[in-house]
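Only one structure is covered here, and it is reproduced in the block below.
Here the structure is a predicted model, which means the values were calculated and not measured. Quick note: residue numbers are just sequence positions, from 1.
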Amino acid sequence: MEGSSTHLRCSVRIDLCALERNLGKLRFFMPKTRGYIALVSADAFGYGVSASVVRLMLSGADAFAVTNVSEGVQVREVGSGWRVIVMSSSLAGEERAYFENSLTPVLASLEELKRFEKIAEELDTSINVHMRVPTTDCTLPSASEAELMLDALLESKYLNLEALCLLGTGTGAPNEGANADIQFLKHAKEKIDSKEKKIYLHHSDVCDISQIPFDCALRAGLVLFGMKPSEKSILKGFEPEHVLTFRTSVSQIKNLPKGATVGYGRTYTLEKDTKVALLSVGYGDGVPRDSSEKMSVIIRGKKANVIGRVSMDQATIDVSDFDEIQVGDEAIIVGENGGLSIGIEEYCDRLGITPAQALTSITKRVARFYKMLY
């Protein structure tokens, strides 16, 4: 729901309308035949999995991808008509949860494959599975193990191979993308065609798909949530709308003399007489402790830098250049105000962290408000 956040020490505002528009714009940006799997790991990157998944279901996501079983169950509780793909390898003993909640595992080893087949045989039921493909940087499985897995899946009575999975985290961690072992994919294509099966491959937005001999589906993660694609992304040039605003408020204003110390542990010494303001946000809310002179906020259409070490509940900013500032003024950490903006990209670049790290670090004590109507 939407609501006023001015009475809160800090909060985030999540524009679900922008999230929906981003998925629609992505469909126009990429080939119309492509499938779109919404990656909603880590509570939808901190945006709130229930609210985000509901909106993405209504706006046409084909499926959802998560990191582990518990996340998959959360998505399944929202709706039953969508494929929910669990990207990480399962732990021994988790297999029944996949069957009970209609979750789709991504199998990464022969040992894991055999565990699922054993449970499926005990339950006398089949399950759709995806198979991780080998990559050029030697991630599991190896090409030889993948060939054995493929043969076993194509002959299995209980495990139905539905898709291949190329790992890679995509935009937000562009150096962690992955490129498929094309020789294996050509071998897999021949095997699969001989069985007259229709199988697709899904991948992140940071990879080379030019030689992949399968129909492809895109796992869209941070780009849906407002993160501009990286230079290495196949979505380079796509301009998503910002979805999240992270804000706080001024709690105190003080005039301090040269030589005074500010911030947690008094590690920052003022070099001149300075007007400072305290913000009602700290590392207990998700702002990095070492943000001094790296992070800025927008207040009354101007930017102010954080100075001194951030404490659990407060941060200090230099407001010497502000003629007008009052206790209770809103301070934008990520977002727009008065014609200025601080995007999540700028915030992360200055702090030396990834967008996924920044977004998932915003803690649960920070209230979430949702814009649901256009």
Criterion salt bridge (charged side-chain N to carboxylate O under 4.0 Å, His left out) on Glu155 and Lys195, from CA distance to verdict: CA-CA 10 Å; Glu155 297 299 328; Lys195 296 290 185 179; 2.7 Å; yes
Step by step, work out the side chain to side chain donor-acceptor pair (under 3.5 Å) result for Glu336 and Thr245. CA-CA 8 Å; Glu336 301 177 1; Thr245 299; over 6 Å; no
Quick one: do Ser210 and Asp208 satisfy side chain to side chain donor-acceptor pair (under 3.5 Å)? Show the steps, please. CA-CA 6 Å; Ser210 60; Asp208 179 6; 2.7 Å; yes
Take Met30 and Leu235 through the side-chain contact (heavy atoms from CB on, under 4.5 Å) test and state the conclusion after the steps. CA-CA 8 Å; Met30 296 291 284; Leu235 300 176; 3.4 Å; yes
Just do the side-chain contact (heavy atoms from CB on, under 4.5 Å) check on Met87 and Thr67 with the steps written out, would you? CA-CA 5 Å; Met87 299 291 294; Thr67 300; 5.8 Å; no
Candidate pair Glu345 and Lys228, rule salt bridge (charged side-chain N to carboxylate O under 4.0 Å, His left out), full reasoning: CA-CA 8 Å; Glu345 300 90 350; Lys228 187 177 295 186; 5.7 Å; no
Should Leu351 and Ser291 be marked as a side-chain contact (heavy atoms from CB on, under 4.5 Å) after you check the CA-CA gap, both sets of side-chain angles, and the distance that decides it? CA-CA 7 Å; Leu351 290 169; Ser291 298; 3.6 Å; yes
Is there a side-chain contact (heavy atoms from CB on, under 4.5 Å) between Ile307 and Leu270 once you walk through the steps? CA-CA 9 Å; Ile307 56 174; Leu270 298 176; 4.0 Å; yes
What verdict does the side chain to side chain donor-acceptor pair (under 3.5 Å) test give for Ser296 and Arg350, after you've listed the backbone C-alpha separation in whole Å, the side-chain angles of each residue and the deciding distance to 0.1 Å? CA-CA 9 Å; Ser296 60; Arg350 293 190 65 179; 2.9 Å; yes
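With hydrogens and angles ignored, the 3.5 Å screen pairs no side-chain donor or acceptor of Arg83 with any backbone N or O of Ala63. In terms of modelled atom types and a separation under 3.5 Å, the side chain of Thr248 and the main chain of Arg9 share a donor-acceptor contact. Between the side chain of Arg368 and the main chain of Val366, a donor-acceptor pair closer than 3.5 Å is present. In this structure a side-chain-to-backbone donor-acceptor pair under 3.5 Å is present from Tyr370 to Tyr47. Asp205 places a side-chain N or O within 3.5 Å of a backbone atom of Thr171 that can act as its donor or acceptor partner. With hydrogens and angles ignored, the 3.5 Å screen pairs a side-chain donor or acceptor of Thr363 with a backbone N or O of Gly284. Side chain of Glu121 to backbone of Tyr158: no donor-acceptor contact under 3.5 angstrom is found. A donor-acceptor pair under 3.5 Å is formed between the side chain of Arg76 and the backbone N or O of Ser102. Of the possible polar contacts, one joining the Glu95 side chain to the Gly93 backbone as a donor-acceptor pair under 3.5 Å is found.
The shortest distance between side-chain heavy atoms of Asn179 and Thr135 does not fall below 4.5 Å. Between Ser251 and Val327, every side-chain heavy-atom pair lies at or beyond the 4.5 Å cut-off. By the 4.5 Å heavy-atom criterion applied to side chains, Ser50 and Val54 are not counted as neighbours. Residues Asn337 and Arg300 fail the side-chain proximity criterion, which asks for heavy atoms closer than 4.5 Å. Contact of the Ser249 side chain with the Ser280 side chain is registered, since non-hydrogen atoms from C-beta on lie closer than 4.5 Å. Under the 4.5 Å side-chain criterion, counting only non-hydrogen atoms from C-beta, Phe64 is in contact with Leu56. By the 4.5 Å heavy-atom criterion applied to side chains, Pro105 and Val86 are not counted as neighbours. The closest side-chain heavy-atom distance from Ile325 to Ile253 is below 4.5 Å.
Atom SG in Cys216 sits 10.5 Å away from atom NE2 in His202 (nearest 0.5 Å). Considering CG of Leu224 and CG of Leu222, their distance stands at 9.0 Å, rounded to 0.5 Å. One finds the CD1 atom of Ile317 at 8.5 Å from the CG atom of Leu278 (value rounded to the nearest 0.5 Å). With values rounded to the nearest 0.5 angstrom, Ile342 atom CD1 is found 8.5 Å from Ile332 atom CD1.
Each of Val276 and Val310 belongs to its own hydrophobic cluster when Ile, Leu, Val, Met, Phe, Trp and Tyr are linked at side-chain heavy-atom distances under 4.5 angstrom. Under a hydrophobic-cluster definition in which Ile, Leu, Val, Met, Phe, Trp and Tyr are linked whenever side-chain heavy atoms come within less than 4.5 Å, directly or via other members, Leu91 and Leu103 are assigned to different clusters.
Using modelled atom types, one finds a donor on one side chain and an acceptor on the other under 3.5 Å when comparing Asn68 with Ser70. Between the side chains of Ser59 and Arg21, not a single donor N or O lies within less than 3.5 Å of an accepting N or O. Between the side chains of Thr104 and Glu162, no donor-acceptor pair of N or O atoms lies under 3.5 Å. A side-chain N or O of Asn160 and one of Asn128 form a donor-acceptor pair less than 3.5 Å apart.
When all heavy atoms of Leu107 and Met149 are compared, the closest pair comes out as O-CE, 3.6 Å. Taking every heavy atom of both residues into account, Tyr36 and Leu26 meet most closely at OH-O, 3.4 Å. In terms of heavy atoms, Ala97 sits closest to Val69 at CB-CG1, 3.8 Å. Listed here is the closest heavy atom pair of Val133 and Phe184: CG1-CE2, 4.1 Å.
The pair Glu346-Lys303 meets the salt-bridge criterion, since a charged nitrogen lies less than 4.0 angstrom from a carboxylate oxygen. A salt bridge links Lys198 with Asp215: the distance from a Lys NZ or Arg NE/NH1/NH2 to an Asp or Glu carboxylate oxygen falls below 4.0 Å. The existence of a salt bridge linking Arg115 and Glu111 is confirmed by a sub-4.0 Å separation between a basic side-chain nitrogen and an acidic carboxylate oxygen. At a threshold of 4.0 Å, the pair Asp285-Arg365 counts as salt-bridged, since one of the basic side-chain nitrogens sits closer than that to a carboxylate oxygen. Contact check on Glu122 versus Arg96 returns a salt bridge, with a Lys/Arg side-chain nitrogen under 4.0 Å from an Asp/Glu carboxylate oxygen. Classification of Lys191 and Asp151 as a salt-bridged pair holds, one side-chain N sitting under 4.0 Å from a carboxylate O. No salt bridge links Glu271 with Lys258; every basic N to acidic carboxylate O contact stays at or beyond 4.0 Å.
Test Arg219, Arg27, Arg34 against Asp62 for salt bridge (charged side-chain N to carboxylate O under 4.0 Å, His left out) and you get one pass: Arg27.
In this structure, His130 and Tyr200 have perpendicular ring planes: the angle between them is above 60°, well past the 30° mark. Between Tyr283 and Tyr264, the angle of the ring planes goes over 60°, which puts this pair in the perpendicular group of the 30/60° scheme.
Around NZ of Lys197, the count of heavy atoms belonging to other residues, nucleotides or ligands within 6.0 Å exceeds 12.
Geometrically, Lys275 does not engage Phe322 in a cation-pi contact defined by less than 6.0 Å to the ring centre and at most 45° from the axis.
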